[in-house]
Trainee: 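I'd like to ask you about the structure that follows.
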Amino acid sequence: MTGTTTPAAVPHQAEARTASGAPAATGTRASLAGNVNRRRLARGLSLRELSAATGVSKALLSQIERAEANPTVDVLVRIAEALETTCDELLRRPLLHPEIVRAADLPEPPGETSVNLLFAGHEPGRVELYRTSLHPHAQSQLSSHGAGSVEYVVVLSGEVTLTVDGRPYRLATGDSARFSGLSSHFYSTDAAPAVTLTMVGHPRH
């Protein structure tokens with residue numbers, strides 16, 4: 001199988017820094033920090049309570065949530081079990097911007113059957129599949145599917161504008177996109193109708 005995934009272009013941003021002036025953590029440590037913090041708060045746990053549930057010191061948990069520590073696998077497992085999730089989920093990088101795959105960029109050799117991998121997901125929970133028909137000058141409802149969810153869309157016919165957190169992305173027939181389902185988003189059309197196929201993947205709780 002062949003596949004091409006082209007992330008949407010995003011504006012250049014200045015390097016993020018901490019209050020001390022040091023560069024902010026990025027990559028795996030930053031993902032872990034954000035995921036642990038969000039899941040702890042979602043369960044109404046204080047650092048002291050999470051420490052009691054895991055046997056991990058409050059100081060180390062605080063360092064993990066500030067992306068200042070490299071915890072061992074044993075520590076990760078204990079935190080994941082206390083937060084009723086998996087290590088994979090704690091380490092997964094969030095989708096900060098939509099990823100777009102243009103139909104025109106997919107390889108389709110003449111006379112051959114082509115199979116292109118558009119996206120590979122890791123949402124182990126509930127999956128919802130929708131076919132949506134949009135009339136001319138239509139707009140779907142403003143939606144958000146909750147923390148950890150991911151939405152996938154393929155334009156079956158026509159053209160739509162996908163607006164995520166106020167930023168528009170134009171998608172033509174055959175184009176596809178993936179973005180965080182937590183982001184506020186909607187689809188709209190201009191003078192012509194369009195049909196989309198969307199799938200929402202939810203994390204396992």
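FYI, side chains are in, hydrogens and waters are out, and symmetry mates aren't considered; it's all heavy atoms of this structure.
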Trainee: Please examine the side chains of V77 and C87, heavy atoms only from C-beta on, and report whether any two atoms are closer than 4.5 Å.
Mentor: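 Of all side-chain heavy-atom pairs linking V77 with C87, at least one is under 4.5 Å.
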Trainee: Side-chain contact test, heavy atoms from C-beta onward, threshold under 4.5 Å: evaluate it for L197 versus V155 and give yes or no.
Mentor: no
Trainee: Could you tell me whether the side chain of S140 and the main chain of Y187 form a donor-acceptor pair under 3.5 Å?
Mentor: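 Checked: pair present.
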Trainee: Is there a side-chain contact between T161 and L171 (heavy atoms, below 4.5 Å)?
Mentor: no
Trainee: Is it true that a side-chain atom of T189 and a backbone atom of H135 form a donor plus acceptor pair closer than 3.5 Å?
Mentor: yes
Trainee: Report yes or no: do V73 and I79 belong to one cluster of Ile/Leu/Val/Met/Phe/Trp/Tyr joined by side chain heavy-atom distances under 4.5 Å?
Mentor: no
Trainee: Considering only heavy atoms from C-beta outward, does the side chain of D190 approach that of R170 to under 4.5 Å?
Mentor: yes
Trainee: Any donor-acceptor pair under 3.5 Å linking the side chain of T163 with the backbone of G166?
Mentor: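 Looks like no, no N/O pair under 3.5 Å.
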Trainee: Once rounded to the nearest 0.5 Å, what's the spacing between atom CZ of R102 and atom OG of S176?
Mentor: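 Rounded to the nearest 0.5 Å, the CZ-OG separation comes out at 9.0 Å.
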Trainee: For the residue pair R78 and D74, establish whether any side-chain heavy-atom pair is separated by less than 4.5 Å.
Mentor: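 With C-beta onward as the side chain, the pair touches.
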Trainee: If you round to the nearest 0.5 Å, how far is OG of S149 from CD of E128?
Mentor: 9.0 Å
Trainee: Check whether D175 reaches the backbone of A172 with its side chain - one donor and one acceptor, N or O, closer than 3.5 Å.
Mentor: yes
Trainee: Using modelled atom types and a 3.5 Å cut-off, is there a donor and acceptor pairing between side-chain atoms of S144 and backbone atoms of L182?
Mentor: yes
Trainee: T85: what forms a side-chain contact (heavy atoms from CB on, under 4.5 Å) with it, not counting sequence neighbours?
Mentor: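 For T85, the residues satisfying side-chain contact (heavy atoms from CB on, under 4.5 Å) (neighbours in sequence not counted) are R39, A80, L83, E89, L90.
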Trainee: I'd like to check V195 versus L134 (side-chain heavy atoms, cut-off strictly below 4.5 Å). Are they in contact?
Mentor: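 Of all side-chain heavy-atom pairs linking L134 with V195, none is under 4.5 Å.
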Trainee: Might you point out which heavy atoms bring S51 and K58 nearest each other, and give the distance in Å?
Mentor: OG-N, 3.5 Å
Trainee: Show the nearest heavy-atom pair for residues S31 and L91, with the distance to one decimal.
Mentor: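 Looking at all heavy atoms of both residues, the shortest contact is CB-O, 3.8 Å.
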Trainee: Check whether L162 and V200 end up in the same hydrophobic cluster, where Ile, Leu, Val, Met, Phe, Trp and Tyr are linked by side-chain heavy atoms less than 4.5 Å apart.
Mentor: no
Trainee: Do the side-chain N and O atoms of R66 and S62 include a donor-acceptor pair separated by under 3.5 angstrom?
Mentor: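 The criterion, which ignores hydrogens and geometry beyond distance, is satisfied for S62 and R66.
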Trainee: Taking the six-membered ring for Trp and the full ring for Phe, Tyr or His, determine whether the centres of H97 and F179 are under 6.0 Å apart.
Mentor: no
Trainee: Which atom names give the shortest non-hydrogen contact between E49 and L45, and what distance separates them?
Mentor: OE1-CA, 3.3 Å
Trainee: Are a donor atom and an acceptor atom from the side chains of D165 and S184 found within less than 3.5 Å of each other?
Mentor: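 Checked: D165/S184 side chains show no N/O donor-acceptor pair below 3.5 Å.
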Trainee: Would you say the side chain of L106 lies within less than 4.5 Å of the side chain of L118, judging by non-hydrogen atoms?
Mentor: yes
Trainee: What closest approach, in Å, do E159 and A194 show between heavy atoms, and which atom pair accounts for it?
Mentor: O-CB, 3.7 Å
Trainee: Can you check whether I64 reaches L32 side chain to side chain, under 4.5 Å on heavy atoms?
Mentor: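 A side-chain contact exists here, since the closest heavy-atom pair is under 4.5 Å.
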Trainee: Would you say L50 and L41 are hydrophobically clustered, going by side-chain heavy atoms of ILVMFWY under 4.5 Å?
Mentor: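 They do not share one cluster, since no chain of ILVMFWY contacts under 4.5 Å joins L50 to L41.
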Trainee: Is it true that R178 and E151 make a salt bridge, defined as a side-chain N closer than 4.0 Å to a carboxylate O?
Mentor: no
Trainee: Looking only at heavy atoms, what is the nearest atom pair of S114 and P107, with distance?
Mentor: CB-O, 3.6 Å
Trainee: Do H185 side-chain atoms and S143 backbone N/O form a donor-acceptor pair below 3.5 Å?
Mentor: yes
